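In what follows, a single structure is set out as structure tokens and then discussed.
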There are 2 protein chains.
Amino acid sequence: MAVIAPETSEETMAMRVVGALRDDIVTMALKPGDVISESDIAGRYGVSRQPVREAFIRLAQQGLLLIRPKRATVVKKISPDGVRQSRFIRESIEVEIIRRVAANPGPEANETIAGLIADQEAASASGDSRRFHTLDELFHRTLARLAGVEYAWQLIDDHKMQLDRVRYLTLGVSSSQRAIAEHKVIAAAIAKADPAAAEAAMRAHLARAELLLTQTINDFPDYFE
Amino acid sequence: MAVIAPETSEETMAMRVVGALRDDIVTMALKPGDVISESDIAGRYGVSRQPVREAFIRLAQQGLLLIRPKRATVVKKISPDGVRQSRFIRESIEVEIIRRVAANPGPEANETIAGLIADQEAASASGDSRRFHTLDELFHRTLARLAGVEYAWQLIDDHKMQLDRVRYLTLGVSSSQRAIAEHKVIAAAIAKADPAAAEAAMRAHLARAELLLTQTINDFPDYFE
DNA sequence: TTCCGCAATCTTGTATGGTAGTTTTATGAT
DNA sequence: ATCATAAAACTACCATACAAGATTGCGGAA
């Protein structure tokens, strides 16, 4: 019974509920296949059904909920094929981004990237996996910004929620050391203004997730279609 | 005052309104900058505000409407930078698709593609621009299917609405003859299983739109940010 | 004329009641 | 005990009423 009150008039209750539910879903507090209802969530957050309903619509459009009219609303199970294609989309865009950045790094690019990698090493050394995850995201988003297509990253971000659910299931499994090493390879390619090498490094960096996916499906079969 | 009734229980009123409004926006019946209100649209379609409100939310999430809380809801003006980045996204994905198809065409690929091009030539010859547009879309979607990432096309489709509004403004300007010629180049590259050539052809095919965009901005400055 | 302030009237946001359809449960017949 | 049937208890959908902020326009004062 966590009552959520809007701080500013700019943020509506519906938006609050969206954020709260999305966090619950991505962190697996709400598990794939769980059945929820407007009244249920409304009572839980101390609001009426209306804002909850609108939150459901938003989350359904983002692929996290499945609204079955007149039947029920369920947390969508993770579609392995959907995850694969989300990754395909991300890879397609990020490869294009890394090409642009490597072809035309700009003055601030190298130092910015080096700084981010240093932060990641610090986070990894202190075992702060949450901060590491944040920095990892920032690493990729920064590349998008350097390529002048920050909006494109927002698109990736939307579809990344699907991948994040898988990632959450594999917490601790993925080696942050390895991710840092791969980031360094990418940074080196950018420093040498070598688009081809940067592209190859980015592909390798993203491809590693495929192994984790099949492994995770075996570990949590109920969460997948 | 067109009253819309749901035929099946699977399709809600809100979904109907979404479709009707999206068509109106893409075809410029509702122009960028137009102010609409829930009550207004509700009265126009003979439903209550509730389903209209939900339609607004969906369309806002697709980038066609801008909901200004407590103020109004307006048809989003076309963002030139947004169009450019939507094209960037589309190009990134389609290049990756065309690479895959060209690298591994599969048995049915060549004849399917050839058939589509023949249909397009027929449509162009008979001056049926609407059918030509439909076939053009089918051409690209078919490539996505052949690459095994039809879901990725759906993503492109969502963001393509922004591009479609521009395309609608340039009806008659764009030469279907030229598009067909470019499609033939792509088909030839696939037939020769030459990914590099296919990629170059696809990039050229998509790049041509840049000229049209700047031209269109000059012709309809009020519709752009 | 210009500017300030208030009120009428817009807008979207939220709450609630009722409706139609689905699922579950209970009940009775076989 | 098993199965068919009906009733009860859910669900999301829609309509309506009200609330709260934003805009507009009017009127009066400087």
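Note that the structure is predicted; figures quoted are calculated from it, not measured. Note on naming: letters A, B, ... go to the chains in the order of the sequence lines (proteins, then strands), and numbering restarts at 1 for each one.
- Rounded to whole Å, the distance from CG on A/Leu65 to P on D/dT11 is 15 Å.
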Please enumerate all protein N or O atoms sitting under 3.5 Å from an N or O of nucleotides 13-16 of chain C, with distances to 0.1 Å.
| residue | atom | partner | partner atom | Å |
| --- | --- | --- | --- | --- |
| C/dG13 | OP2 | B/Arg53 | NH1 | 2.3 |
| C/dG13 | OP2 | B/Arg53 | NH2 | 2.7 |
| C/dG13 | O5' | B/Arg53 | NH2 | 3.3 |
| C/dG13 | N7 | B/Arg49 | NH2 | 3.1 |
| C/dG13 | O6 | B/Arg49 | NH1 | 2.9 |
| C/dG13 | O6 | B/Arg49 | NH2 | 3.3 |
| C/dT14 | OP1 | A/Met13 | N | 2.6 |
| C/dA15 | OP2 | A/Ser48 | N | 2.7 |
| C/dA15 | OP2 | A/Ser48 | OG | 2.6 |
| C/dA15 | O5' | A/Ser48 | OG | 3.4 |

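- Among the atoms of the strands shown, only primed sugar atoms or phosphate atoms (P, OP1, OP2) are found under 4.0 Å from some heavy atom of B/Ile36.
- The side chain to side chain contact (heavy atoms under 4.5 Å, CB included) test applied to A/Glu111 returns no partner, not counting sequence neighbours.
- Regarding contacts with the backbone of C/dT11, every side-chain N or O of B/Thr73 stays at 4.0 angstrom or more from both OP1 and OP2.
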In residues 217-225 of chain A, what donor-acceptor pairs under 3.5 Å come from side-chain atoms, sequence neighbours left out?
none

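- For the pair B/Thr170/B/Gln215, no side-chain contact is recorded, criterion being any heavy-atom separation below 4.5 Å from C-beta on.
- Each salt bridge (Lys or Arg N to Asp or Glu O under 4.0 Å) pair with one or both residues in residues 76-85 of chain B, not counting sequence neighbours, appears once here: B/Arg84-B/Glu210.
- Residue A/Phe56 contributes atom CZ, which lies 11 Å from atom C1' of D/dT11 at whole-angstrom precision.
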Next item on the list: Represent DNA chain D in dot-bracket notation, 5' to 3'. Only Watson-Crick or G-U wobble pairs with both distances under 3.5 Å count; pseudoknot-style crossings use [ ] and interstrand partners use |.
Entry: ||||||||||||||||||||||||||||||

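- Applying the side chain to side chain contact (heavy atoms under 4.5 Å, CB included) rule to B/Asp23 yields no partners; only residues at least two apart in sequence or on another chain are considered.
- For A/Ala152, the side chain to side chain contact (heavy atoms under 4.5 Å, CB included) criterion is met by A/Ile93, A/Val149, B/Gln85, B/Phe88, B/Ile89, not counting sequence neighbours.
- Applying the salt bridge (charged side-chain N to carboxylate O under 4.0 Å, His left out) criterion to A/Asp119, with sequence neighbours excluded, gives no partner residue.
- Applying the salt bridge (Lys or Arg N to Asp or Glu O under 4.0 Å) definition to pairs two or more places apart or across chains, those involving residues 53-68 of chain B are A/Arg53-B/Glu54, A/Glu54-B/Arg53, B/Glu38-B/Arg53.
- Put simply, CZ on A/Arg71 is 17 Å from P on C/dA20, counting in whole angstrom units.
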